[in-house]
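These notes are about the structure you will find just below.
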Amino acid sequence: MLMVLMFIFLRDRQRLYCHLRRRTLFSGSPIRLLTGSSIHIYGSLIRLSRHLMRADAKKNYSHILAVAREVVTQHGADASMRDIARRADVGLATLLRHFPTREALFEALLCTNLDALTQKADELKTSDSPDEALISWFQEWLAFAQSYRGVVAMMAAAHTNPDSALYASCAAVHSASARLLLRAQAEGAARPDMNGDDLFALMTALGWAVDQPSFAPRADHLFHIITGAILTNRRAKM
């Protein structure tokens, strides 16, 4: 994890900020975001420079990311890194300097989406009844899952791998989901024999299913089946 953080630190302060916001959402994290320019990692204070990337390098990074977004929108998580480099008119080595792995590329593409998703969970925890909060959370998750084809399968594979660039994002989503589930269980609105791991598994399963052309038309029906199985009121509506 420290290696991932240092890579992001050297390349882009905004990516590091997004990454840390999600990383600090789950308990026991050795990382604390202190201010807009300071972080605390494993007991050490690190101050972030305000000039981490030259203007030309930043422009190049933004261009590559914009092209990558187009390619991934067309081809999903299996998009070719070589194709992205070719369309961006840069060498593969240049692309890999910015994004050394496919997961690092997706972490950058999804930064804003994931930050909004985890913030939504915090809003739901205080603004809705427990059962409606879980239903709304599943709706938000489905919208996210359909942002790029194959992204849910990638996150499912990354959520137990601390070395993955997507690990912190997966952990934040897992933690946010677990908090909403615990609240619903405390109010008797959700079945008591499941935990955050079970909920995350159901979320990724649903996200994977609606990603398949053969199941996509059944998305709403599958949504009702899963939320009905979780909630004690099996007639819960969207």
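Side chain to side chain, Thr73 and Arg69 fail the donor-acceptor criterion of an N or O pair below 3.5 Å.
Other residues, nucleotides and ligands place no more than 12 heavy atoms under 6.0 Å from the CZ atom of Arg218. Heavy-atom neighbours of Asp89 CG from other residues, nucleotides or ligands within 6.0 Å: at or below the threshold of 12.
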Thr160 vs Tyr167, side chain to side chain contact (heavy atoms under 4.5 Å, CB included): CA-CA, chis, key distance, verdict: CA-CA 7 Å; Thr160 56; Tyr167 175 77; 6.0 Å; no

Leu105/Leu65 under side chain to side chain contact (heavy atoms under 4.5 Å, CB included): CA gap, chis, key distance, verdict: CA-CA 8 Å; Leu105 172 62; Leu65 195 59; 4.2 Å; yes

Stepwise side chain to side chain contact (heavy atoms under 4.5 Å, CB included) test for Thr94 and Ile64: CA-CA 9 Å; Thr94 298; Ile64 293 173; 4.3 Å; yes

Residue pair Phe144, Leu114: steps toward the side chain to side chain contact (heavy atoms under 4.5 Å, CB included) verdict: CA-CA 8 Å; Phe144 165 78; Leu114 287 164; 3.5 Å; yes

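Here the closest heavy-atom approach between residue Ala172 and residue Thr118 is recorded as CB-CG2, 3.8 Å. The shortest non-hydrogen separation linking Met81 to Leu96 is CE-CD2, 4.0 Å. The two residues Leu134 and Ala190 have their closest heavy-atom pair at CD1-CB, 4.4 Å. Looking at every heavy atom in both residues, His63 comes nearest to Ala88 through NE2-O, 3.1 Å. Ala145 and Val151 get closest at one heavy-atom pair: O-CG1, 3.8 Å.
Applying the ring pair (Phe, Tyr, Trp, His ring centres under 6.0 Å) definition to pairs two or more places apart or across chains, none involves residues 66-93. Counting only residues at least two apart or on different chains, no ring pair (Phe, Tyr, Trp, His ring centres under 6.0 Å) pair has a member in residues 101-140.
In this structure, CG in Leu124 is found 12.0 Å from CD in Gln119, a value given to the nearest 0.5 Å. Note: Ile84 CD1 to Leu92 CG = 10.0 Å, rounded to the nearest 0.5 Å. Note: Leu95 CG to Arg87 CZ = 13.0 Å, rounded to the nearest 0.5 Å. Once rounded to the nearest 0.5 Å, the distance linking OG1 of Thr227 with CG of Asp131 reads 10.0 Å. Taking CD from Glu107 and CE from Met155, the interatomic distance works out to 10.5 Å, rounded to the nearest 0.5 Å. With values rounded to the nearest 0.5 angstrom, Leu117 atom CG is found 7.5 Å from Ser177 atom OG.
The closest donor-acceptor contact from the side chain of Arg191 to the backbone of Thr232 lies at 3.5 Å or more, if one exists at all. Proximity of a side-chain donor or acceptor of Arg102 to a complementary backbone N or O of Ala79 within less than 3.5 Å is detected. No donor-acceptor pair closer than 3.5 Å links the side chain of Glu187 to the backbone N or O of Arg183. Ser136 places no side-chain N or O within 3.5 Å of a backbone atom of Ala133 that could act as its donor or acceptor partner. Between the Arg149 side chain and the Asp211 main chain, no donor and acceptor come within less than 3.5 Å of each other. Between the side chain of Ser164 and the backbone N or O of Asn161 there is no donor-acceptor pair closer than 3.5 Å.
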Cut-off 3.5 Å, no hydrogens considered: what does the side-chain donor-acceptor table look like for residues 194-207, sequence neighbours left out?
unit_1, atom_1, unit_2, atom_2, d
Asn195, OD1, Asp197, N, 3.0
Asn195, OD1, Asp198, N, 3.0
Asp197, OD1, His174, NE2, 2.6
Asp198, OD2, Asn195, N, 2.9
Thr204, OG1, Phe200, O, 3.1
Thr204, OG1, Ala201, O, 2.9

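Under a 4.0 Å N-O distance rule, the pair Arg179/Asp122 qualifies as a salt bridge.
Leu182 and Val173 are assigned to two separate hydrophobic clusters, defined by single-linkage of ILVMFWY side chains at heavy-atom distances under 4.5 Å.
You'll find the side chain of Leu142 reaches within 4.5 Å of the side chain of Phe223, heavy atoms only.
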